[in-house]
Amino acid sequence: MPHSQKLIYEFGPYRLNLALLRLTREEERVALTPKAAEILALLITNAGQLVEKDFLLKEVWPDTFVEESNLAQNIFLLRKALGDEREGPKYIETVTRRGYRFIASVKIYAADESEGDDAESTRDANGDAIPQRTIIAVLPFVNATGDPDVEYLSEGLTDSIINNLARVSQLRVMSRSAVFRRRKDVFDPQVVGRELGAKAVLVGQLSARPAGMAISVELVEVARGWQLWGETFDCVLKDILEIQDEITRQLLGNLKLKLTGEEEKRITARYTENAEAYQAYLEGRYHWSRYTRTGIEKAIIHFRRAIEQDPNYALAYAAIVDCYLRLTTNYLPPEG
């Protein structure tokens, strides 16, 4: 069955509210770091199945290259919170060099209305009401150009906008894994939005134009299907950074969110100002995410080109190092 965000996962004495990423034991809150809670959600929604380390790193730390030790440390924290042990585990099994598997029996319930809101986060220290966070889903942008060579751009735009919105404290943004499982050329945003438990859905499409391409976006209210905002941007590749940031700014403006000065800086933070370097990086990420030797070798070419365009592009350096480590250690799944 598709995993709705409005579900409770029960295992042993524990309950995980998926929408709130809140873990309880006999109605007492179990403290988890945000990253540990995300990892637990990914493991438990794939209970009984091997969840690869690469998948966890990509979903929990999107658009960032982090050491595998970060994942191991969060697994350690999860086991500690659950009273679990690596040797003779009851909940999280380690599959050496590959990943982790949630092995406990899981029961799934629909969340009650009373469990749909995070009561602890609705009031501040003075008891004043705090607005509930809007849940939004950015669906995979559709490549309608007829050119498979720009598929990397539709995927990269989706990833980047998800990452930008996730930096806003007033939003809950559906993860990449949740939205990409529903990737298709034609879909009903209301239906997908309800499945994901989102209040609003952003849909986008890339289409061909004589002088480049057009990027069309539309923000849809899930409950009634109203269009909250829509725009079409004429685009040439050198403008992709500006258009990506403009989509984020206009979307947040139409959601009527008041951002702090720090959030305004974070949502459009760039690792490079060079559009060609950014484009090469997106192409590299696209091939890297296939997790095959062929994909990694292609990714190296693009990451190297990104560095040539911007010698100070830190993400491209981190990416190319990761590629060479994978090729050197053969840390890749079998082809196919």
State which residues pass side-chain hydrogen bond (donor to acceptor under 3.5 Å, both in side chains) with [X]; sequence neighbours excluded, sorted by chain then number.
X	answer
N274	none
E28	none
E10	R15

Q: Not counting sequence neighbours, which residues clear side-chain contact (heavy atoms from CB on, under 4.5 Å) with L206? List them please.
A: F141, T145, L153, S154, L157, M213, I215
**Q.** Residues in side-chain contact (heavy atoms from CB on, under 4.5 Å) contact with L50, at least two apart in sequence or another chain
**A.** E52, V95, R98, R101
Q: Using a strict 4.0 Å threshold on nitrogen-to-oxygen distance, state whether R290 and E155 make a salt bridge.
A: yes
Q: May I ask you to decide whether R209 forms a salt bridge with D234, counting only side-chain N to carboxylate O separations under 4.0 Å?
A: yes
**Q.** Identified side chain to side chain contact (heavy atoms under 4.5 Å, CB included) partner of I320 from the options I307, L325, L315
**A.** I307
Is the backbone N or O of [Y] less than 3.5 Å from a side-chain atom of [X], with the two atoms forming a donor-acceptor pair by type?
X	Y	answer
N74	I39	no
Q190	V222	yes
N46	L42	yes
N163	D159	yes
N143	D147	yes

Q: Check the pair L171 / L252 against side-chain contact (heavy atoms from CB on, under 4.5 Å), numbers first and verdict last.
A: CA-CA 10 Å; L171 289 179; L252 292 173; 3.8 Å; yes
(Q) A quick test of your reading: do over 12 heavy atoms of other residues, nucleotides or ligands sit less than 6.0 Å from NZ of K298? (A) no
Q: For atom CD of E276, decide whether the heavy atoms of other residues, nucleotides or ligands shown that lie under 6.0 angstrom number more than 12.
A: no
Q: Kindly determine whether N70 and V60 satisfy side-chain contact (heavy atoms from CB on, under 4.5 Å), including the steps that lead there.
A: CA-CA 10 Å; N70 286 281; V60 179; over 6 Å; no
Q: Quickly, which of F303, Y152, W288, Y286 forms a ring-ring contact (aromatic ring centres under 6.0 Å, His included) with Y281? Name it, please.
A: F303
Q: Please lay out, stage by stage, how D84 and L78 fare under the test side-chain contact (heavy atoms from CB on, under 4.5 Å).
A: CA-CA 8 Å; D84 206 11; L78 270 179; over 6 Å; no
Ignoring hydrogens, what is the shortest heavy-atom contact between [X] and [Y]? Give both atom names and the distance.
X	Y	result
P89	I103	O-CD1, 3.4 Å
V30	A81	CG1-CB, 4.0 Å
A137	V179	CB-CG1, 4.3 Å
Q244	N164	NE2-ND2, 4.1 Å

Q: Tell me, with the steps shown, if N254 and L228 meet side-chain contact (heavy atoms from CB on, under 4.5 Å).
A: CA-CA 7 Å; N254 280 276; L228 302 177; 5.6 Å; no
Q) Does the side chain of R79 pick up a donor-acceptor pair with the side chain of T94 at under 3.5 Å? A) yes
Q) What pairs with F11 under ring pair (Phe, Tyr, Trp, His ring centres under 6.0 Å), at least two apart in sequence or on another chain? A) Y14, Y91, F102
